[in-house]
There are 2 protein chains.
Amino acid sequence: MDISSTKDKIVKAAYDCFSEKGYNATTTKEIAKTAGVSEVTLFRYFSTKSDIFKEMLKRYSFLPVLYKIKIESDGIDLQDTLKLIAVKFYNTLLERKQFVRIMLSEINHYSEEIIDIYSNFREELDSMLISIFESKICDLKLKNFDLKVASMGFIGMIYSFFLTNEIFLKKKVDDIELNNVINAFVDIFLNGIKK
Amino acid sequence: MDISSTKDKIVKAAYDCFSEKGYNATTTKEIAKTAGVSEVTLFRYFSTKSDIFKEMLKRYSFLPVLYKIKIESDGIDLQDTLKLIAVKFYNTLLERKQFVRIMLSEINHYSEEIIDIYSNFREELDSMLISIFESKICDLKLKNFDLKVASMGFIGMIYSFFLTNEIFLKKKVDDIELNNVINAFVDIFLNGIKK
DNA sequence: CTTGTGTGTTAGTAAGCACTTACATACAAG
DNA sequence: CTTGTATGTAAGTGCTTACTAACACACAAG
């Protein structure tokens, strides 16, 4: 028994291929080759190409990873909390860059599944932030904003920064630049929501 | 002579098809049918499917549309200027929603062309905002932020809001909600960059 | 009336695709 | 040694695809 089973290897290979070329441009032959198995073996584990895709969506979704972002915010001030969350969020996206790419390119093709993943993802993130804001609201005299809108704005800055650099421009952002940008975003945002 | 030539009809049809199903899943037969011409005629105008795609990229790029966003900001305060820009930016994205979808789904396939369009787009937008900030910087005692980072943050909030609702969740945002959200974003942002 | 231009129809080709069938082989467990 | 399980190879099927060739028709301009 290998460290990763044949099925695992196929799903991983599919993940890599789909993220590089998209679903339609990836052939089952290619997936098999990447996985280091024969095409026939591939079809012994999955009866259709679509099944491979769906299995891959399940296994590589970043929904579970999201929980790693959750932090203990008691005792830490809001500024540091936001910075920490921003960094963790960005790194999560980086770690699952391939998955992000797949989601972007297959929204049309597998819209139901992807809408599902994305909406769960956003709900979790937003409610995480909102509960943090709520716990700090009395300490810091925040404006009476719609917290959900505020959360969307904050997440949006970081998400968009990620998309622009990593997905569109394919430009690596080094840690120093990332930290500067995140610090600026947090500063703007925090100042913005304070009374 | 028709109001739109045969070539125009083909490019328009390709635009519609590609945005709905993606490049690979769209057949030349389908494009021809959508355009209301025969497939042979299609190949009389374009020698390959890829040529149609590239022609479509040229014609439907939102780069030219971007100049409609530019406004006269003299005499208007920064808050109203930003709100106006945000609304116009959002509406431009809406107007070219199909193009955005194509860019997202074909980054892998036509990365060179799309990177080019996207980076021009961002540069234009950023420099537009930066020059506005600079013209107001003395009036309003803005913090000594990196203006480019500030611009990225502001654009990012709106862009991400658009992507989430219109592209991912396929949820229509009505004008009232859009205005509320934009007002909130501008408030947060403006407060955030002030001293 | 002729000629050129733009288009349609019909039929095709060569390639590539997802997926299948049949058979062979390696190997671990009993 | 036998049997079951996991895999490979070779060959192929039926379908779809981008793209082509050949011919016919409509029609406007000279």
Side-chain angles (χ1 to χ4, degrees), chain A residues 1-60 102 105-106 108-114, chain B residues 1-60 102 105-106 108-114:
Chain A
M1 194 65 74
D2 247 334
I3 203 155
S4 71
S5 73
T6 302
K7 192 165 185 176
D8 292 342
K9 284 192 288 183
I10 294 169
V11 179
K12 170 70 162 65
Y15 178 57
D16 291 338
C17 292
F18 288 148
S19 85
E20 262 179 43
K21 319 183 62 184
Y23 181 79
N24 277 295
T26 299
T27 68
T28 50
K29 200 175 189 169
E30 209 176 345
I31 297 173
K33 194 179 174 187
T34 308
V37 301
S38 77
E39 203 182 352
V40 175
T41 294
L42 181 150
F43 279 106
R44 284 190 182 113
Y45 283 94
F46 300 94
S47 49
T48 64
K49 184 182 168 187
S50 177
D51 283 354
I52 308 180
F53 187 82
K54 286 174 188 166
E55 179 67 25
M56 180 236 84
L57 276 190
K58 268 190 224 157
R59 293 212 199 175
Y60 287 89
I102 292 171
S105 52
E106 307 305 334
N108 297 310
H109 208 201
Y110 284 94
S111 72
E112 206 179 304
E113 290 87 348
I114 289 175
Chain B
M1 195 65 77
D2 247 335
I3 203 154
S4 72
S5 73
T6 302
K7 192 164 184 176
D8 293 341
K9 285 192 288 184
I10 293 169
V11 179
K12 170 69 163 64
Y15 178 56
D16 291 338
C17 292
F18 288 148
S19 85
E20 262 179 44
K21 320 183 61 182
Y23 181 80
N24 278 294
T26 299
T27 68
T28 49
K29 200 176 190 169
E30 208 176 346
I31 297 174
K33 194 179 173 187
T34 307
V37 302
S38 76
E39 202 183 352
V40 176
T41 294
L42 182 151
F43 278 107
R44 285 188 182 114
Y45 283 93
F46 300 94
S47 49
T48 64
K49 182 182 168 185
S50 177
D51 284 353
I52 309 180
F53 187 82
K54 286 174 187 165
E55 179 66 26
M56 179 237 85
L57 276 190
K58 268 190 222 155
R59 294 213 198 174
Y60 287 89
I102 291 172
S105 52
E106 307 304 333
N108 297 310
H109 208 202
Y110 285 95
S111 72
E112 206 178 303
E113 290 88 346
I114 290 174

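Since the structure is predicted, the reported quantities are computational estimates derived from the model, not experimental observations. Below, all heavy atoms of this structure are taken into account, side chains as well, without hydrogens, waters or symmetry copies. Below, chain A is the first sequence line, B the second, and so on; all start at residue 1.
- Between the CD atom of B:Glu39 and the C1' atom of C:dT13 there is a distance of 13 Å, rounded to whole Å.
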Original post:
Going through the checks in order, is the salt bridge (charged side-chain N to carboxylate O under 4.0 Å, His left out) test met by B:Lys7 and B:Glu55?
Top reply: CA-CA 10 Å; B:Lys7 192 164 184 176; B:Glu55 179 66 26; 5.1 Å; no
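- Computed from coordinates, the B:Asp51 CG to D:dA18 C1' distance equals 13 Å when rounded to whole Å.
- To the nearest angstrom, P of D:dT16 lies 15 Å from NZ of B:Lys49.
- Contacts of B:Tyr45 with the nucleic acid, taken as non-hydrogen atoms under 4.0 Å apart, involve only primed sugar atoms and P, OP1 or OP2.
- Between the CZ atom of A:Phe53 and the P atom of C:dA18 there is a distance of 14 Å, given to the nearest Å.
- The aromatic rings of B:Tyr110 and B:Phe53 sit parallel, their planes meeting at an angle under 30°, below the 60° perpendicular limit.
- Within the 4.0 Å cut-off from OP1 or OP2 of D:dC19, not a single side-chain nitrogen or oxygen of B:Thr28 is found.
- The side-chain tip of B:Lys12 does not point at the ring of B:Tyr60 from less than 6.0 angstrom away and within 45° of straight on.
- B:Val40 comes within 4.0 angstrom of a nucleotide base, judged by non-hydrogen atoms across all strands.
- Checking D:dT20, D:dT7, C:dG8 against the side-chain heavy atoms of B:Arg44 singles out C:dG8 as nearest.
- In this structure, B:Ser50 reaches neither bases nor backbone, as no heavy-atom distance under 4.0 Å exists between it and the strands shown.
- Rounded to an integer number of Å, the gap from A:Lys29 NZ to D:dT9 C1' is 13 Å.
- In this entry the distance linking CZ of A:Phe46 with P of D:dA6 reads 15 Å, nearest Å.
- Counting to the nearest Å, the P atom of D:dC15 and the CG atom of A:Asn24 are 20 Å from each other.
- Within a 6.0 Å sphere centred on NZ of A:Lys49, other residues, nucleotides and ligands contribute more than 12 heavy atoms.
- In the set D:dA18, D:dT7, D:dT9, the nucleotide with an atom closest to the side chain of A:Ser38 is D:dT9.
- Of all heavy-atom pairs between B:Ala25 and A:Asn24, the closest is CB-ND2, 3.7 Å.
- The distance between atom NZ of A:Lys33 and atom C1' of D:dT9, rounded to the nearest whole Å, is 16 Å.
- Of the candidates D:dC19, D:dT7, C:dT7, the closest approach to any side-chain atom of B:Thr48 belongs to D:dC19.
- Using a 4.0 Å heavy-atom distance criterion, B:Thr27 is classed as a sugar-phosphate-only contact.
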